[in-house]
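Step one of this worksheet: look at the structure below.
Throughout, a chain's letter reflects where its sequence line sits, starting with A, and its residues are numbered from 1. What's counted below: heavy atoms across the whole structure, side chains too, no hydrogens, waters or symmetry copies.
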Amino acid sequence: DAGVIQSPRHEVTEMGQEVTLRCKPISGHNSLFWYRQTMMRGLELLIYFNNNVPIDDSGMPEDRFSAKMPNASFSTLKIQPSEPRDSAVYFCASSTHLGYSNQPQHFGDGTRLSIL
Amino acid sequence: DAKTTQPPSMDCAEGRAANLPCNHSTISGNEYVYWYRQIHSQGPQYIIHGLKNNETNEMASLIITEDRKSSTLILPHATLRDTAVYYCIVRGPISGNTGKLIFGQGTTLQVKP
């Protein structure tokens, strides 16, 4: 079975550029999560969606970050303009039934982002 | 959400059982205990979860104490590929943390030959 698919796996760009990270959740999953991992802060939740609707974006660091989920099989996380402190590994995860805490989240392999 | 406490690191000999402890003394009755692991350069991998009863799957066993204040993840025959950071997470229902997984620092398990 295909897991959560993220692209690109690696991204290196200069500060000020727009960065778009992509995620395809597991088919049939109706909840999608974006996380960021850094050495300093560990793994932290940025935003999550249920049935394509953003539920909680309190983890989004600032207005430069935005996320969309236009359909059940695709989501994007955009940073505009990017800054060196945005350098991190960004993970996408999906699960079924957000309303039930006994459904595990399954993670993609992440996008390693470096802003120069 | 209930917080968890894990030792920062542990070693285990290859082929032996790895027992990873987790304290969650403030857990409430409707919160599940989840275990994930993260192998270097990969995304977190779901291992197992439980509410009250002990659980076992093809990867591991989860032993939860009767008072639910602590649990132990058991990898019955550790291999070098089990070297990873292991996260114990307490997760509540939608009325609480709305399904969020809050990752702490975890336990770095080093399996040695």
Side-chain angles (χ1 to χ4, degrees), chain A residues 1 3-7 9-10 21 23-26 29-51 53-60 88-113, chain B residues 1-6 8 24 27-53 55 57-60 62 64 68 71 73 84-108:
Chain A
D1 292 340
V4 175
I5 300 172
Q6 293 186 245
S7 64
R9 289 297 311 276
H10 303 274
L21 310 181
C23 175
K24 177 179 171 56
I26 293 172
H29 284 189
N30 60 351
S31 300
L32 184 139
F33 306 79
W34 283 101
Y35 290 83
R36 179 173 67 174
Q37 186 172 34
T38 61
M39 288 293 292
M40 291 293 292
R41 301 174 66 89
L43 260 166
E44 44 183 357
L45 179 66
L46 300 178
I47 185 172
Y48 65 95
F49 297 81
N50 192 40
N51 293 324
V53 176
I55 302 300
D56 184 349
D57 64 354
S58 60
M60 296 285 262
V89 183
Y90 291 80
F91 290 103
C92 177
S94 70
S95 74
T96 59
H97 302 298
L98 177 65
Y100 298 97
S101 53
N102 63 343
Q103 298 299 319
Q105 296 177 21
H106 298 274
F107 286 74
D109 283 333
T111 294
R112 186 173 297 274
L113 177 64
Chain B
D1 300 321
K3 296 182 70 173
T4 62
T5 304
Q6 298 178 253
H24 31 79
I27 192 170
S28 59
N30 56 4
E31 290 181 316
Y32 284 79
V33 179
Y34 273 78
W35 283 84
Y36 280 77
R37 73 180 182 183
Q38 189 172 22
I39 297 170
H40 182 61
S41 298
Q42 297 182 21
Q45 178 187 23
Y46 165 76
I47 302 173
I48 198 167
H49 72 282
L51 183 63
K52 296 180 182 178
N53 300 322
E55 302 288 342
N57 63 20
E58 65 278 4
M59 290 183 67
L62 174 60
I64 303 175
R68 301 187 71 238
S71 61
L73 178 74
V85 179
Y86 286 77
Y87 298 98
C88 170
I89 302 166
V90 170
R91 185 184 182 198
I94 190 170
S95 60
N97 68 357
T98 62
K100 291 180 181 180
L101 286 175
I102 301 174
F103 288 82
Q105 296 304 307
T107 295
T108 298

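No donor-acceptor contact under 3.5 angstrom links the side chains of A/Gln105 and A/Tyr48, judged on distance only.
Relative to the six-membered ring of B/Tyr86, B/Arg37 misses at least one condition, a distance below 6.0 Å or an angle of at most 45° to the axis.
If you measure heavy-atom distances from B/Gln45 to chain A, you find no contacts under 4.5 Å at all. Residue contact with chain B, scored on non-hydrogen atoms closer than 4.5 Å, involves the side chain of A/Leu45 exclusively. Contacts of A/Gln37 with chain B are made by side-chain atoms alone, with heavy-atom separations under 4.5 Å and no backbone atom involved. Proximity to chain B is absent for every atom of A/Arg41, based on heavy atoms less than 4.5 angstrom apart.
Annotation: salt bridge (charged side-chain N to carboxylate O under 4.0 Å, His left out) contacts of B/Arg68 (sequence neighbours excluded): none. Listed by chain and number, the residues in a ring-ring contact (aromatic ring centres under 6.0 Å, His included) with B/Tyr36 are A/Phe107, B/Tyr46, B/Phe103 (sequence neighbours excluded).
Each of B/Gly43, B/Pro44, B/Gly50 has some count of heavy-atom pairs under 4.5 Å with chain A, and the biggest count is that of B/Pro44.
Distance check: A/Leu113 CG to A/His10 NE2 gives 11.5 Å after rounding to the nearest 0.5 Å.
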